[in-house]
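Working notes, beginning with the structure itself.
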2 protein chains.
Amino acid sequence: MKKGLTPICHRFFTNLSNPTRLAALEQLMNKPMSVTELAKALGQEQSMISHNLKPLIECNFIFGQKQGKRHVYSVNQETVNMLFKTVENHAAKFCPSGGKCLKGGN
Amino acid sequence: MKKGLTPICHRFFTNLSNPTRLAALEQLMNKPMSVTELAKALGQEQSMISHNLKPLIECNFIFGQKQGKRHVYSVNQETVNMLFKTVENHAAKFCPSGGKCLKGGN
DNA sequence: ACTTTATATGAAATATAATTCATATGAATA
DNA sequence: TATTCATATGAATTATATTTCATATAAAGT
């Protein structure tokens with residue numbers, strides 16, 4: 001790790017350390033969606049989705065595109081795919097019991 | 001992303017969303033160290049390092065080895081290297097201004 | 001056995017982040 | 001231009017995480 005990357009890493013991972021944002025990313029991996037569509041898919045309030053999308057946009061984990069009054073968001077495949085692959089690999093190799101490191105719930 | 005990975009991702013990234021833990025990982029990338037050595041290197045209290053190392057150990061981001069009364073910790077290179085590479089790549093490509101996504105401090 | 005050194009733990013205090021609710025902005029349409 | 005639909009924002013509340021301080025455990029050395 002290059003020196004001085006710690007603050008960027010912190011922002012980066014803090015962004016991802018939230019179940020709503022992760023669920024949103026998961027949805028957007030399938031297909032681009034609007035805020036309202038995401039809210040419906042995740043069973044959450046519109047304002048909550050909007051609040052949570054904001055940091056994802058700011059750090060370019062997702063990209064937004066205006067379509068009239070809708071805002072359609074798509075995932076940054078390059079980064080997010082790599083991250084999820086890394087998590088899957090880690091879970092497979094280093095969390096043998098699957099839920100071992102999840103005691104106490106998510 | 002496989003379905004149902006969200007809770008694991010959450011734990012995974014929450015673990016990394018802390019400057020003390022990131023700084024500890026950064027140190028351990030150079031060489032394995034004991035708790036006291038880390039505390040000295042990072043200018044932090046021993047108990048704080050110990051508290052922060054715990055979740056890293058539980059999720060196997062680092063591995064511990066007893067050497068007498070010292071506990072020497074080494075980093076899980078496979079996972080942590082991949083993560084830091086991903087952050088570097090993302091920062092290079094998607095944070096062109098360097099600190100753009102850091103306004104407001106770390 | 002006593003003292004020192006290394007580490008871990010518990011619990012209170014503090015700091016940070018997430019959620020909710022009310023409301024604002026802005027684009028489309030009647 | 002009034003109304004509806006889509007999204008964003010502010011601020012208060014609530015929830016979570018971090019830090020600190022005191023203390024416990026445990027290995028080594030005297």
Side-chain angles (χ1 to χ4, degrees), chain A residues 6-7 9-28 32-59 61-74 101-106, chain B residues 6-25 27-28 32-59 61-74 101-106:
Chain A
T6 296
C9 284
H10 183 214
R11 175 87 185 260
F12 187 99
F13 292 123
T14 298
N15 218 317
L16 298 167
S17 70
N18 175 293
T20 302
R21 288 195 287 278
L22 288 168
L25 289 175
E26 193 174 4
Q27 285 294 323
L28 297 178
M33 289 171 101
S34 73
V35 177
T36 302
E37 287 169 331
L38 270 173
K40 211 167 290 174
L42 300 177
Q44 311 250 209
E45 302 249 330
Q46 173 272 321
S47 73
M48 184 172 152
I49 300 300
S50 193
H51 274 300
N52 275 291
L53 254 36
K54 195 178 183 181
L56 293 175
I57 297 160
E58 284 175 355
C59 284
F61 284 108
I62 62 176
F63 307 115
Q65 202 203 344
K66 279 202 178 185
Q67 287 186 2
K69 60 185 168 184
R70 298 173 70 229
H71 286 199
V72 178
Y73 293 98
S74 57
C101 52
L102 286 172
K103 55 182 178 296
N106 107 335
Chain B
T6 295
I8 291 173
C9 283
H10 182 214
R11 175 87 185 260
F12 186 97
F13 292 122
T14 298
N15 218 316
L16 297 166
S17 69
N18 176 294
T20 302
R21 288 195 289 277
L22 287 167
L25 289 175
Q27 285 295 322
L28 296 179
M33 289 173 103
S34 72
V35 177
T36 302
E37 286 168 332
L38 271 172
K40 211 167 290 177
L42 300 177
Q44 311 250 210
E45 300 250 328
Q46 172 271 322
S47 73
M48 185 173 151
I49 300 301
S50 194
H51 274 300
N52 275 292
L53 254 36
K54 196 178 182 181
L56 293 175
I57 297 159
E58 283 175 357
C59 284
F61 285 107
I62 62 175
F63 306 115
Q65 204 203 342
K66 279 204 178 185
Q67 286 186 3
K69 61 185 167 182
R70 297 174 70 229
H71 286 200
V72 177
Y73 293 98
S74 56
C101 53
L102 287 172
K103 55 182 179 291
N106 107 341

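As the structure is a computational prediction, the values presented were derived from the model and not from experiment. Note that these values count all heavy atoms, side chains included, but never hydrogens, waters or copies made by symmetry. Proteins get letters first, then strands, A, B, ... in listed order; numbering begins at 1 in each.
Atom-to-atom, CG of Leu22(A) to P of dA17(C) comes out at 16 Å; the value is rounded to the nearest Å. For the pair Asn18(A) CG and dT16(C) P, the computed distance is 18 Å after rounding to whole Å. dA18(C) atom C1' lies 12 Å from atom CD1 of Ile49(A), rounded to whole Å. Rounded to a whole Å, the CZ atom of Arg70(A) is 13 Å from the C1' atom of dA28(C). Going from atom CD1 of Ile57(B) over to atom P of dT7(C) covers 11 Å, rounded to whole Å. Atom OH of Tyr73(B) and atom C1' of dT7(C) are 7 Å apart (whole Å).
Taking CG of Leu38(B) as the reference point, atom CG of Asn52(B) lies at 10.5 Å (rounded to 0.5 Å). If you take CG on Leu42(B) and CE on Met48(B), they are separated by 8.5 Å, rounding to the nearest 0.5 Å. Here Ile57(B) contributes atom CD1 and His71(B) contributes atom NE2; the two are 9.0 Å apart, rounded to the nearest 0.5 Å. Atoms NZ and CG, from Lys54(B) and Asn15(B) in turn, are 12.5 Å apart once rounded to the nearest 0.5 Å. Taking OG1 of Thr36(A) as the start and CZ of Arg70(A) as the end, the distance is 8.0 Å to the nearest 0.5 Å. Between atom OG1 of residue Thr6(B) and atom CG of residue Leu22(A) there is a gap of 5.5 Å, rounded to the nearest 0.5 Å.
Looking at the side chain of Met48(A), the nearest of the listed nucleotides dT20(C), dA6(C), dA8(C) is dT20(C).
Formation of a donor-acceptor pair under 3.5 Å by the Ser50(B) side chain with backbone atoms of Gln46(B) is not found in this model.
A nucleotide of DNA chain D counts as in contact with chain A when one of its atoms lies under 4.0 Å from a heavy atom; the first and last such, 5' to 3', are dC5(D) to dA11(D).
In terms of position on DNA chain C, the residue among His71(B) and Gln44(A) whose nearest nucleotide sits closer to the 5' end is His71(B). Nearest-nucleotide positions on DNA chain D place Asn52(B) closer to the 5' end than the other of Asn52(B) and Gln46(B).
In the region residues 32-43 of chain A, proximity to DNA chain D at under 4.0 angstrom, judged on heavy atoms, holds for Ser34(A), Val35(A), Thr36(A).
Residue His51(A) places no side-chain atom within donor-acceptor reach of the base of dT19(C), judged by atom type and a 3.5 Å distance cut-off alone.
Here the closest non-hydrogen pair linking Gln44(A) and Ile49(A) is CB-CD1, 3.9 Å.
Within 4.0 Å (heavy atoms only), Lys66(A) reaches no atom of the nucleic acid at all.
Aromatic pair Phe12(A)/Phe13(B): ring centres not closer than 6.0 Å.
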